[in-house]
Amino acid sequence: MIYFLHISKCAGTSFVALARSNLRLFTPSANGNPIDILHAKRLKFWRWTPAEQRYFLSSPAWDMVANERWMGESGEFFAGVSYVTILRDPIDRLFSAWQFTRNKEAQDESLGRRGQKFAHFLQTDSSLQWRRNYLISALTSRERARAGNCLELAMRRLDRFDHVFLMENLAEDIVAMSREGWTRF
C-alpha cells in the first residue's frame with residue numbers, strides 16, 4: 001500500500017497518473033484522492049482515528065491512496081504502508097499556485113512581467129494567507145501549523161517517509177519506485 005501525500009503544485013497530478021499505470025488506486029477517486037460516493041466529496045480519512053486509518057490503509061482492494069490535504073493530527077505511520085511525497089522549492093511552488101488561481105489569464109505575458117505582478121501581490125495584505133509555508137502545513141496539519149513553529153515536527157515526519165522526491169529531480173528520482181514494484185515510467 002502506498003500513501004501519497006500530494007502537496008499541491010508539486011507534480012502530484014503527474015505522479016498519480018504514473019501510479020495509475022502501475023497500481024490499483026482507490027475507486028472512485030479524484031486525482032487519487034478517495035471519494036465518498038454517498039456525499040460526492042473527498043473521503044477525509046486523515047481525520048479518522050489511527051485504528052480506522054490503519055484498517056483503511058490495509059485494504060487489499062487498492063494499492064494506493066492520495067491525500068491532497070495534510071497529514072492528520074496524529075501523524076501515524078503504519079507498518080506495511082509506503083509513504084511518498086514530492087517537495088518543491090517553496091517560492092516556485094507559491095508562484096505556481098498563484099498563477100494557477102489566476103486561471104492562466106496571463107499566458108501571453110512574459111515570465112518577467114508575471115514575476116513583477118507576483119512580487120507586487122506579495123507586498124499586499126491580501127497575500128498574508130499565501131505566505132504561510134504550505135509545505136510545512138501539509139506535513140503537520142492545518143491546525144498545528146496555526147499554532148506556531150512546526151518545522152521540527154515537519155522534519156520528524158518527513159524523515160519517516162519512504163520516498164521523498166524533489167520536483168526538480170523527479171524524472172531521475174522516480175525510478176526509486178521500482179522498489180515498490182513499479183515497472184512503467
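Values reported hereafter were calculated over all heavy atoms of this structure, with side chains retained and with hydrogens, waters and symmetry mates removed. Values in this document were obtained by computation on a predicted structure and should not be read as measured data.
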If every non-hydrogen atom of Ser178 is compared with every non-hydrogen atom of Phe185, which pair is closest and at what distance?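 Taking Ser178 first and Phe185 second, the nearest heavy atoms are N-CZ, 3.8 Å.
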Looking only at heavy atoms, which two atoms of Thr140 and Ala154 are closest? And how far apart?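 Looks like CG2-N, 3.6 Å.
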Compare all side-chain heavy atoms of [X] with those of [Y] and state whether any distance is below 4.5 angstrom.
X      : Y      : result
Gln116 : His120 : no
Phe45  : Pro34  : yes
Leu23  : Ile2   : yes

Cluster question for you: counting only ILVMFWY and a side-chain heavy-atom cut-off of under 4.5 Å, with indirect links fine, are [X] and [Y] together?
X      : Y      : value
Tyr3   : Trp48  : yes
Leu111 : Phe118 : yes
Val65  : Met71  : yes

For the side chain to side chain contact (heavy atoms under 4.5 Å, CB included) test, which of Ile86, Leu87, Asn67 pairs with Ile7?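 So, applying the side chain to side chain contact (heavy atoms under 4.5 Å, CB included) to Ile7 and each of Ile86, Leu87, Asn67, only Leu87 qualifies.
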Please walk me through it: do Asn33 and Phe26 pass side-chain contact (heavy atoms from CB on, under 4.5 Å)? CA-CA 8 Å; Asn33 296 278; Phe26 183 96; over 6 Å; no
Phe161/Phe77 under ring-ring contact (aromatic ring centres under 6.0 Å, His included): CA gap, chis, key distance, verdict: CA-CA 8 Å; Phe161 274 70; Phe77 287 80; 5.6 Å; yes
For Val16 and Arg20, what are the C-alpha separation, side-chain angles and deciding distance, and is it a side-chain contact (heavy atoms from CB on, under 4.5 Å)? CA-CA 6 Å; Val16 170; Arg20 240 185 217 102; 3.7 Å; yes
Listed by chain and number, what are the side chain to side chain contact (heavy atoms under 4.5 Å, CB included) partners of Phe78, not counting sequence neighbours?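 Phe78 satisfies side chain to side chain contact (heavy atoms under 4.5 Å, CB included) with Pro50, Gln53, Arg54, Leu57, Glu76, Val81, Tyr83 only.
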What pairs with Thr27 under side chain to side chain contact (heavy atoms under 4.5 Å, CB included), at least two apart in sequence or on another chain?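 Side chain to side chain contact (heavy atoms under 4.5 Å, CB included) check on Thr27 returns nothing, list empty.
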Could you tell me which residues satisfy salt bridge (Lys or Arg N to Asp or Glu O under 4.0 Å) with Arg88, sequence neighbours excluded, listed by chain and number?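 None.
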Taking only residues two or more places apart in sequence or in another chain, which ones pass salt bridge (Lys or Arg N to Asp or Glu O under 4.0 Å) with Arg160?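 Scan of Arg160 (salt bridge (Lys or Arg N to Asp or Glu O under 4.0 Å), adjacent residues dropped) gives none.
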Taking atom types as modelled and ignoring hydrogens, do the side chains of Thr49 and Glu52 form a donor-acceptor contact shorter than 3.5 angstrom?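 Yes, Glu52 and Thr49 have a side-chain donor paired with an acceptor closer than 3.5 Å.
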Derivation and outcome, side-chain contact (heavy atoms from CB on, under 4.5 Å), residues Leu122 and Leu94: CA-CA 10 Å; Leu122 289 178; Leu94 182 60; 4.0 Å; yes
Keeping the roles fixed (side chain from [X], backbone from [Y]), state whether a donor-acceptor pair exists under 3.5 Å.
X      : Y      : result
Thr85  : Leu5   : yes
Arg157 : Leu139 : yes
Ser29  : Asn31  : no

Residue pairs involving residues 29-45 (criterion salt bridge (charged side-chain N to carboxylate O under 4.0 Å, His left out); sequence neighbours excluded):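 Sorted pair list: Arg42-Glu68.
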Separation between [atom1] of [X] and [atom2] of [Y], rounded to the nearest 0.5 Å:
X     : Y     : atom1 : atom2 : answer
Met1  : Ser82 : CE    : OG    : 10.0 Å
Gln99 : Ser96 : CD    : OG    : 6.5 Å
Arg93 : Lys9  : CZ    : NZ    : 9.0 Å

Indicate, with yes or no, if the rings of Phe56 and Trp62 have centres closer together than 6.0 Å.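 Here the rings of Trp62 and Phe56 have centres that are less than 6.0 Å from each other.
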Using distance only, find each side-chain donor-acceptor pair of residues 163-177 under 3.5 Å and give its atom names and separation, not counting sequence neighbours.
from: His163; atom 1: ND1; to: Arg179; atom 2: NH2; distance (Å): 3.1
from: His163; atom 1: NE2; to: Glu180; atom 2: OE2; distance (Å): 3.0
from: Glu168; atom 1: OE2; to: Asp89; atom 2: N; distance (Å): 3.4

For side-chain contact (heavy atoms from CB on, under 4.5 Å), just list the numbers for Phe15 and Val84, CA-CA rounded to whole Å, side-chain angles, deciding distance to a tenth of an Å, and then say yes or no. CA-CA 10 Å; Phe15 182 84; Val84 179; 3.7 Å; yes
Does atom CD1 of Ile37 have more than 12 heavy-atom neighbours, drawn from other residues, nucleotides or ligands, at distances under 6.0 Å?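 Check fails, neighbour count at 12 or below.
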